[in-house]
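For reference, the structure discussed in these notes is given below.
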Number of protein chains: 2
Amino acid sequence: MTDGSLTRDQILSAAVEVLRRYGPAKATVVDVARALKVSHGSVYRHFPSKAALREAVMERWLRESHTLLDAVMAGDGPADVRLRDWLATLFAAKRKKALDDEELFATYMALLGDASEVIEQHIDHLLGQLREIISDGVARGEFAVQDPAATARAVFDASLRFHSPVHAADWGRAEIDEEFDALCVLILDGVRAR
Amino acid sequence: MTDGSLTRDQILSAAVEVLRRYGPAKATVVDVARALKVSHGSVYRHFPSKAALREAVMERWLRESHTLLDAVMAGDGPADVRLRDWLATLFAAKRKKALDDEELFATYMALLGDASEVIEQHIDHLLGQLREIISDGVARGEFAVQDPAATARAVFDASLRFHSPVHAADWGRAEIDEEFDALCVLILDGVRAR
DNA sequence: AGAATGACAAAAGTTGAAATCTGTCATCTG
DNA sequence: CAGATGACAGATTTCAACTTTTGTCATTCT
């Protein structure tokens with residue numbers, strides 16, 4: 001059948017379209033339903049609330065950055081190179097989204113306000129990867145840290161300026177890349193065995 | 001005379017009172033004038049705009065944190081202790097203001113939005129002190145960094161979570177102090193000579 | 001003179017009534 | 001019976017009239 005019944009994925013795609021067109025402040029679930037030519041009640045059969053729909057959109061969107069990061073995780077070079085690459089990839093991915101996906105990025109920022117489950121999972125995923133890189137570095141004798149999980153958190157915090165959406169306004173500054181490099185040096189020297 | 005004419009300082013004090021009572025969203029210069037029992041036109045004789053008045057209030061307020069930091073700068077112990085103390089003092093000062101001076105802290109956050117001169121100077125002052133500590137550490141042979149100014153910026157950025165008002169919401173979390181300690185370890189190991 | 005005033009225009013903010021949206025549900029459709 | 005519908009109540013948003021605030025300035029005060 002061309003269109004027997006509405007799927008979760010169709011709704012998500014329509015929601016992305018609507019969010020991109022109207023932005024998070026204006027987009028309504030009526031708009032999403034209209035885009036799909038169904039009643040808004042149908043959308044509510046698949047998502048319990050507008051907030052849940054928004055979160056599902058963001059979950060899918062955030063998974064895109066994960067793909068690039070997963071590629072870095074798959075590498076098997078020295079841990080310091082991997083850590084640097086991972087941070088650079090995260091920064092690049094976030095900056096790209098902030099620049100050429102403004103409306104969805106704004107939706108992401110809005111989510112930040114209401115302590116969302118999705119964001120928490122996203123951060124946990126990132127912290128997990130960091131911990132893995134650091135543990136690996138320790139195993140190879142490259143890094144010397146006392147608690148890899150705590151260090152992962154510290155590295156995450158230290159690099160906040162280059163991945164937290166609250167600092168997105170800074171990402172257009174001329175000096176930002178130099179500053180990123182300087183931070184990487186500090187972090188890498190901070191974990192390196194001596 | 002008990003009150004010959006209005007001084008800049010009287011206005012600033014009245015403005016602080018008004019800001020504390022009504023908060024930055026509600027406080028008006030008419031309120032400030034009323035508190036002083038003068039017309040609002042008089043306030044405009046001393047400050048060219050409401051924004052300028054707000055900035056002057058913030059300048060005075062930010063200087064308070066500088067006092068504590070200056071005390072740390074005056075010390076002459078090892079540079080690593082000084083750096084740690086400086087970061088801890090900055091964090092403590094900001095957290096204290098966020099907690100028991102909510103309204104003025106909110107005013108400070110509002111200022112952040114409009115790229116204020118005062119904030120820029122505040123940050124430059126902090127960066128200058130950091131650079132001084134780091135240069136001193138290098139001179140003593142304790143630290144090894146290639147460019148103290150760039151490293152100062154990196155240390156500032158790395159510790160953003162513990163002094164930038166945009167992260168104030170996190171400062172109430174239970175784990176925050178452990179996380180601060182872990183970050184300090186990372187930063188100190190990052191600058192230390194090996 | 002320097003300092004303060006109050007009247008004024010333009011900008012910003014408030015208010016409340018009307019319109020729209022969210023979320024539920026009894027009913028309908030295949 | 002799973003999925004879709006549209007009517008509905010309560011919450012939220014919008015819009016326009018109205019009020020307050022900002023910033024200026026000619027005039028007054030000392």
Side-chain angles (χ1 to χ4, degrees), chain A residues 1-58 103 106-107 109-111 113-114 116-118, chain B residues 1-58 103 106-107 109-118:
Chain A
M1 75 281 312
T2 52
D3 200 359
S5 81
L6 211 46
T7 70
R8 191 183 155 83
D9 239 47
Q10 285 176 311
I11 296 174
L12 287 180
S13 298
V16 167
E17 246 180 77
V18 167
L19 278 167
R20 279 209 243 264
R21 181 181 305 278
Y22 302 111
K26 293 284 182 61
T28 73
V29 353
V30 173
D31 291 328
V32 175
R34 206 187 346 264
L36 289 162
K37 295 173 179 178
V38 298
S39 69
H40 78 276
S42 304
V43 174
Y44 279 98
R45 175 159 304 282
H46 296 269
F47 294 93
S49 69
K50 184 186 188 178
L53 174 55
R54 234 190 353 232
E55 293 199 6
V57 168
M58 282 300 107
E103 300 296 8
T107 307
M109 293 193 71
L111 223 55
D114 19 274
S116 139
E117 177 71 20
V118 171
Chain B
M1 79 274 321
T2 51
D3 201 0
S5 80
L6 212 45
T7 71
R8 192 184 154 82
D9 239 47
Q10 285 176 313
I11 296 174
L12 287 180
S13 298
V16 167
E17 245 180 77
V18 167
L19 278 167
R20 280 210 244 263
R21 181 182 305 278
Y22 301 113
K26 293 284 181 61
T28 73
V29 352
V30 174
D31 291 328
V32 175
R34 204 184 351 261
L36 290 163
K37 294 174 178 177
V38 298
S39 69
H40 77 277
S42 304
V43 174
Y44 279 98
R45 171 161 305 280
H46 297 268
F47 295 93
S49 68
K50 185 187 189 177
L53 173 55
R54 235 190 350 232
E55 293 198 7
V57 168
M58 282 300 108
E103 300 295 9
T107 307
M109 294 193 71
L111 223 55
L112 242 47
D114 18 275
S116 138
E117 178 71 20
V118 171

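All chains are named by letter (A, B, ...) in the order of the sequence lines, taking the proteins before the strands, and each is independently numbered beginning at 1. Only a predicted model underlies this, so the values are computations on that prediction, with no experimental measurement involved.
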In terms of the nearest nucleotide of DNA chain D, which residue is placed more toward the 5' end: A:Ala25 or A:Val43? A:Val43
By the 4.0 Å heavy-atom rule, please label A:Thr28 as base, sugar-phosphate, or nothing. sugar-phosphate
At how many degrees, to 10°, do the end axes of the helix from C:dA1-D:dT30 to C:dG30-D:dC1 meet when each uses five pairs? 20°
Protein-nucleotide distance (B:Tyr22, atom OH; D:dT20, atom C1'), rounded to Å: 14 Å
Nucleotide D:dG6, atom P - distance to CZ of A:Arg34 in whole Å: 14 Å
Taken to the nearest 0.5 Å, the spacing of A:Ile11 CD1 from A:Arg45 CZ works out to 10.5 Å
Options D:dA7, C:dA3, D:dA4, nucleotide nearest the side-chain atoms of A:Ser5: D:dA4
What is the distance, rounded to the nearest whole Å, between atom CG of B:Leu6 and atom C1' of C:dA4? 9 Å
Expressed as a whole number of angstroms, how long is the span from B:Lys50:NZ to C:dA11:C1'? 12 Å
All heavy atoms of A:Leu6 vs all of A:His46, minimum pair found to be O-CE1, 3.2 Å
Any side-chain heavy atom of A:Phe47 sitting closer than 4.5 Å to one from A:Val57? no
Which part of the nucleic acid, if any, lies within reach of B:Val29 when heavy atoms closer than 4.0 Å are counted: base, sugar-phosphate only, or nothing? sugar-phosphate
With a 4.5 Å cut-off on side-chain heavy atoms, are B:Thr107 and B:Glu103 touching? no
Rounded interatomic separation in angstrom, taking NZ from B:Lys26 and P from D:dT22: 14 Å
From the list D:dA4, D:dT21, C:dT5, which nucleotide is the closest neighbour of the side chain of B:Ser39? C:dT5
Please check the phosphate of D:dT5 (OP1 and OP2 only) for any side-chain N or O of A:Ser42 closer than 4.0 Å. yes
Tell me: NE2 of A:His46 to C1' of C:dT24, nearest whole Å? 16 Å
Just how far, in rounded Å, is P of C:dT24 from OH of A:Tyr44? 8 Å
Quick check: closest heavy atoms across B:Ala14 and B:Ala35, and the distance to 0.1 Å? CB-CB, 4.5 Å
Just how far, in rounded Å, is P of C:dT24 from CZ of A:Phe47? 15 Å
Can you tell which of C:dA3, C:dA7, C:dT5 lies closest to the side chain of B:Val38? C:dT5
Working to the nearest 0.5 angstrom, can you tell me the gap between A:Arg8 CZ and A:Leu53 CG? 9.0 Å
How many angstroms lie between OG1 in A:Thr28 and CZ in A:Arg34, if you round to the nearest 0.5 Å? 6.0 Å
On DNA chain D, does the nearest nucleotide to A:Arg45 precede the nearest nucleotide to A:His40 from the 5' side, or the other way round? Give the residue. A:Arg45
